[in-house]
Amino acid sequence: MRLRVWCHFAAPREGGVVEVDRLYLVLAVTGIAGAALALVSRSIHRLPLSEPLVVLLLGVVLGPQLLGLLEIERELRDPLLLEGARLLLAGSVMAAALRFPATTLTALARPLVLLLLLVMPLAAVAAGAAALVLGLPLALALLLGACLSPTDPVLAASVVTGEPAERDLPSRLRRLLTAESGANDGLALPLVGLALVSVLPATGFAEAAARLGWEVLGGVLVGLLLGVPAGRAVRAAVRQQSLARGPELVFTLLLAIAVLGVARLARTDGVLAVFVAGLAYNRVVGRRERGPQDAIDEAVNRYAVLPLFLVLGAVLPWREWVDFGPAAVLFAVAVLLIRRLPFVLVLARPLGLTWRDAAFTGWFGPIGVSGVFYLTHSLHEGVNDPRLFAAGTLAVAVNVVAFGLTATPGRGIYSKSRPA
């Protein structure tokens, strides 16, 4: 598939020229939109708006439903979204692993275990149950629920990073959301893999379990084997004063790319491997001055994601959404309200959260890039039912809109409700 896509771009045929022009259009629009949004980046934090939401709407305008300037066929759509989402998740989970000192994450062990091993599977079941209103078969609904279960680190980062978040939200809450969103993107793979077995019965359970076990354990192993030496190498380079400041700021991004490549070559979970490598690197290097690095990480999370959301806006399956009928609205609302929030509220005490903290944590667990990744991963594995992509992108689009509109007001309401 990857070779065929490359040839489609490179071949000097008429169709190839058209596809290259569409790629340039994506680059032009995201570049212009990103530059414009960067110029008002301080102001936009005070508005009920987000960069992904703006660019998603731009994609809709440019797409076949309105202007018709950006039309992407499925054979190009799926690998673009899959590999684009994989790269973005790698950069985002690396930033999440480094955002706080490694020693402070130890105190979050209990709530993290509950969120990852209890809330995420329950979220998968709840989202899958909501999908039944669309008329999806049970197996396909469960797969959809698994794809939508992880909290997205890219959209979550827009809530917990930046000056307003540091001012309005307590550090423990920001650490918890950051660590969860970084870890569950890789750990959602077993849920998706097991659900795929029920949709694709040609794959035996034992075979699937063995493969998933290697992808998870192998991902952890690759992350440790690359993250620990990288941290030691940086410490040695700093002692010898051979590491310049500029390269040091992008070192972890380069490490994320390297770990992702090695993990994929080893047929392991690349996103989980990057997160583990980031944690290991963080532990070895220790807490260095993070101001410039945090600024780079925040910028990457806010702007590197723009091309993906532009393409997503252009390929949203409006016709399939209409075919779902009124059930589409019920499904979208149900995913927003029951996928995560009730479980976090019920578990507020074991999670060590106040009711206010639990409400904030339960609401701001968005579906975004990670949802796109697992949807297109499922298509790549052989799921051909178009209702999976249609229902999944409906949930993603509604989440981008809902959290883009509520992130700033939500932080403000939380801050004003905190006891003096």
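Quick caveat: nothing in here was measured; it's all calculated off a predicted structure.
- Side-chain contact check for T178 and R174: no donor-acceptor pair (N or O, by modelled atom type) lies under 3.5 Å.
- A side-chain donor-acceptor contact under 3.5 Å links T376 to the backbone of V372.
- A distance of 13.5 Å separates CZ in R74 from CG in L80, rounded to the nearest 0.5 Å.
- The shortest side-chain heavy-atom distance between P307 and L310 does not fall under the 4.5 Å cut-off.
- For D185 and Y374, the side-chain atoms include no donor-acceptor pair closer than 3.5 Å.
- The line from CG of L142 to CG of L191 is 10.5 Å long, rounded to the nearest 0.5 Å.
- L272 places none of its side-chain heavy atoms less than 4.5 Å from the side chain of L189.
- Sequence neighbours left out, the pairs with a member in residues 377-394 that pass salt bridge (Lys or Arg N to Asp or Glu O under 4.0 Å) are R211-E381, D385-R387.
- Using a 4.5 Å heavy-atom cutoff, the side chains of L169 and F360 are in contact.
- Between D168 and Y414, every side-chain heavy-atom pair lies at or beyond the 4.5 Å cut-off.
- Note on residues 322-334: no pairs pass salt bridge (Lys or Arg N to Asp or Glu O under 4.0 Å), not counting sequence neighbours.
- A donor-acceptor contact shorter than 3.5 Å is absent between the side chain of R110 and the backbone of L114.
- Sorted by first then second residue, the salt bridge (Lys or Arg N to Asp or Glu O under 4.0 Å) pairs that include residues 114-140, not counting sequence neighbours, number zero.
- Other residues, nucleotides and ligands contribute over 12 non-hydrogen atoms within 6.0 Å of the CZ atom of R172.
- Applying the ring-ring contact (aromatic ring centres under 6.0 Å, His included) criterion to F389, with sequence neighbours excluded, gives no partner residue.
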What donor-acceptor contacts under 3.5 angstrom involve side-chain atoms of residues 144-156, with partners at least two apart or in another chain?
unit_1, atom_1, unit_2, atom_2, d
S149, OG, A146, O, 2.8
T151, OG1, E180, OE2, 3.4
T151, OG1, R340, NH1, 3.2
D152, OD1, V369, N, 3.0
D152, OD1, S370, N, 2.9
D152, OD2, V154, N, 3.4
D152, OD2, L155, N, 2.9
D152, OD2, V369, N, 3.3

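- Closest heavy-atom contact between G382 and L200: O-CD2, 3.7 Å.
- A distance of 9.5 Å separates CG of L212 from CG of D269, quoted to the nearest 0.5 Å.
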For the pair L388 and V199, evaluate side-chain contact (heavy atoms from CB on, under 4.5 Å) and give the outcome as yes or no after the intermediate values.
CA-CA 11 Å; L388 178 69; V199 177; over 6 Å; no
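- Cation-pi geometry between R86 and F373 is not met at under 6.0 angstrom from the ring centre and within 45 degrees of the axis.
- Contact detail for V259 and A277: the closest heavy-atom pair is CG2-CB, 3.8 Å.
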Do L67 and V61 pass the side-chain contact (heavy atoms from CB on, under 4.5 Å) test, and can you show the C-alpha distance, the side-chain angles, and the key distance before you say yes or no?
CA-CA 6 Å; L67 297 182; V61 171; 3.8 Å; yes
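- Side chain of N184 to backbone of L187: no donor-acceptor contact under 3.5 angstrom is found.
- The backbone N or O of G278 sits nowhere less than 3.5 Å from a side-chain atom of N282 that would complete a donor-acceptor pair.
- Among V60, L56, V400, the single residue meeting the side chain to side chain contact (heavy atoms under 4.5 Å, CB included) criterion with L312 is L56.
- The minimum heavy-atom distance linking W321 with A328 is given by the pair O-CB, 4.0 Å.
- A heavy-atom distance below 4.5 Å is not found between the side chains of R235 and R232.
- In this structure, the side chains of H380 and D78 stay at 4.5 Å or more apart for every pair of heavy atoms.
- Looking only at side-chain heavy atoms (C-beta outward), T354 and D357 come within less than 4.5 Å of each other.
- Note: L82 CG to R77 CZ = 11.5 Å, rounded to the nearest 0.5 Å.
- The 12-atom threshold is not exceeded at CZ of R267, counting heavy atoms of other residues, nucleotides or ligands nearer than 6.0 Å.
- With sequence neighbours excluded, no residue forms a ring-ring contact (aromatic ring centres under 6.0 Å, His included) with W214.
- Taking CG from L176 and OG from S171, the interatomic distance works out to 11.0 Å, rounded to the nearest 0.5 Å.
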Go through it in stages, so that I can follow the logic: the residues are H377 and V192, the test is side-chain contact (heavy atoms from CB on, under 4.5 Å), and I'd like the CA-CA distance, side-chain angles, deciding distance and then a yes or no.
CA-CA 9 Å; H377 167 75; V192 175; 4.1 Å; yes
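- Counting all heavy atoms, side chain and backbone alike, A127 lies closest to F331 at O-CE1, 4.2 Å.
- Heavy-atom minimum distance, V383 versus L379: O-CD2, 3.3 Å.
- For the pair L136/F324, a side-chain contact is recorded, criterion being any heavy-atom separation below 4.5 Å from C-beta on.
- Counting all heavy atoms, side chain and backbone alike, V311 lies closest to L81 at CG1-CD2, 3.9 Å.
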Test F364 against F403 for side-chain contact (heavy atoms from CB on, under 4.5 Å), laying out the working first.
CA-CA 7 Å; F364 287 105; F403 294 106; 3.7 Å; yes
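- Remark: L347 CG to L122 CG distance equals 8.0 Å, nearest 0.5 Å.
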